[in-house]
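The next block holds one structure in the form of structure tokens; read it before the comments.
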Amino acid sequence: MFLGAPGSGKGTQSEFVAQKYNIPTISTGTIIRKSIKSGTKTGKLAESYVSKGELIPDNIICGMLLERLAESDCNNGYILDGFPRNITQAQALVEAGIEPDIVVNIEADDEMIVNRLGGRRVCPNCEASYHVSDNAPQKDGICDKCGTELITRIDDKPEVILKRLKVYHAQTEPLIDFYGKKNKLMNVVSQKTVAGTAKLISDGLEKLIET
Ligand code: AMP
């Protein structure tokens, strides 16, 4: 499981780990963006929360997640990215008999987050994530992986970024203590470069898996 503020690098870093251990990353943010794109009733409802930087109600998101985890590609393990976002969601996992083996908490201060999210550009097709200055695509505004034109996420507007940070501190941050008490936590300080953070996570996980 990956914990951390929006923009701390959870999505990017969890993908590296997923590739290394050959397991899928299950990102509730990605599931939600797909449902918004599909224009269904649930998608429209989800959009009203996402666009304001608010969390989607627990009953909706928990149902979506548990349905996804029942798919066969999750049989040999998976990485959770963006779930749980509050204690109620963490309890829903406990009730479903799901206990994370390791919780990676990426620490990043608010200034870094505002800069990261403000400059973030994402691919609407494959969800690859870039930053205008720190992790720029090879060709300006174009995804390196699939050639699609990059966009700014609806929730990466300045006023929405501040709201998401507020929600993070009030609702998600208590999970650090929740998993700390269960001795599951591996804290990693976000580095200036994506590769620097990836190395810390990779080394830390190897050590934990060996023991
Ligand atoms: P993310 O891509 O993880 O930053 O998620 C984008 C947005 O989707 C969040 O700001 C929330 O509005 C919504 N979202 C994602 N995961 C959850 C969750 N576990 N619970 C509630 N809302 C979520």
Side-chain angles (χ1 to χ4, degrees), residues 1-15 17-18 24-40 42-69 74 78-96 98 100 103-106 108 110 112-131 150-176 178-179 190:
M1 178 187 290
F2 272 74
L3 287 184
S8 59
K10 293 188 305 296
T12 305
Q13 297 297 339
S14 62
E15 277 307 327
V17 178
T25 295
I26 309 301
S27 153
T28 41
T30 302
I31 294 172
I32 287 159
R33 280 185 287 282
K34 268 194 198 144
S35 98
I36 293 176
K37 234 186 191 175
S38 70
T40 57
T42 314
K44 286 198 176 108
L45 180 70
E47 188 170 18
S48 67
Y49 291 95
V50 173
S51 61
K52 285 191 261 171
E54 290 170 5
L55 294 184
I56 288 161
D58 294 327
N59 59 337
I60 298 177
I61 197 80
C62 291
M64 279 175 156
L65 178 83
L66 293 177
E67 217 172 84
R68 176 66 186 88
L69 296 185
C74 294
Y78 48 85
I79 299 175
L80 286 179
D81 161 24
F83 189 99
R85 283 285 232 280
N86 59 28
I87 299 286
T88 309
Q89 294 179 11
Q91 294 290 9
L93 285 180
V94 174
E95 275 156 34
I98 299 168
V103 180
V104 179
N105 176 44
I106 308 183
D110 287 5
M112 189 185 246
I113 294 300
V114 171
N115 171 299
R116 289 242 185 102
L117 294 180
R120 177 160 73 176
R121 300 293 179 269
V122 296
C123 175
N125 179 43
C126 74
E127 286 249 328
S129 180
Y130 302 87
H131 186 276
L150 301 177
I151 58 160
T152 301
R153 270 171 48 168
I154 50 168
D155 48 349
D156 281 346
K157 290 184 195 139
E159 66 281 12
V160 186
I161 291 173
L162 295 180
K163 171 72 183 177
R164 288 164 72 204
L165 261 176
K166 240 185 177 170
V167 169
Y168 168 75
H169 288 304
Q171 298 199 45
T172 312
E173 215 166 35
L175 290 172
I176 299 173
F178 182 89
Y179 288 111
S190 183

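Whatever order the structure lists ligands and atoms in, that order sets their numbers, starting from 1. Here the structure is a predicted model, which is why all the values come from computation and not from measurement.
- At least one N or O atom of G82 sits closer than 3.5 Å to an N or O atom of ligand 1.
- Residue E67 qualifies as open at atom CD: its count of foreign heavy atoms under 6.0 Å is 12 or below.
- A side-chain N or O of R116 and one of S190 form a donor-acceptor pair less than 3.5 Å apart.
- For ligand 1, the atoms closer than 4.0 angstrom to any heavy atom of R164 are 4 (O), 10 (O).
- When side chains are defined from C-beta on, V160 does not count as touching V50, because their heavy atoms never get closer than 4.5 Å.
- Residue-level proximity to ligand 1 for D155 is carried by the side chain, the only part with a heavy atom below 4.0 angstrom.
- Checking M64, R33, E54 against atom 2 (O) of ligand 1, the nearest heavy atom belongs to R33.
- The shortest separation from a heavy atom of R153 to ligand 1 is under 4.0 Å, placing the residue in contact.
- Nearest non-hydrogen protein atom to atom 20 (N) of ligand 1 is Q89 NE2, 2.9 Å.
- In terms of protein heavy-atom proximity, atom 16 (N) of ligand 1 is closest to T28 OG1, 2.9 Å.
- In I32, the part holding a heavy atom less than 4.0 Å from any atom of ligand 1 is the side chain.
- Taking every heavy atom of V50 and a limit of under 4.0 angstrom, the matching atoms of ligand 1 come to 8 (O), 12 (O).
- Residues V167 and L55 are in side-chain contact: their nearest non-hydrogen atoms beyond the backbone lie under 4.5 Å apart.
- For K10 (side chain) and G4 (main-chain N/O), a donor-acceptor pair under 3.5 Å exists by modelled atom type.
- Under the 4.5 Å side-chain criterion, counting only non-hydrogen atoms from C-beta, I113 is not in contact with R164.
- Heavy atoms from both the backbone and the side chain of I56 come within less than 4.0 Å of ligand 1.
- Regarding atom 1 (P) of ligand 1, its nearest protein heavy-atom neighbour is R85 NH2, 3.5 Å.
- Just one residue in the list L93, T25, V103 forms a side chain to side chain contact (heavy atoms under 4.5 Å, CB included) with L80, and that residue is L93.
- The pair D155-K163 does not count as a salt bridge, with every side-chain nitrogen at least 4.0 angstrom from each carboxylate oxygen.
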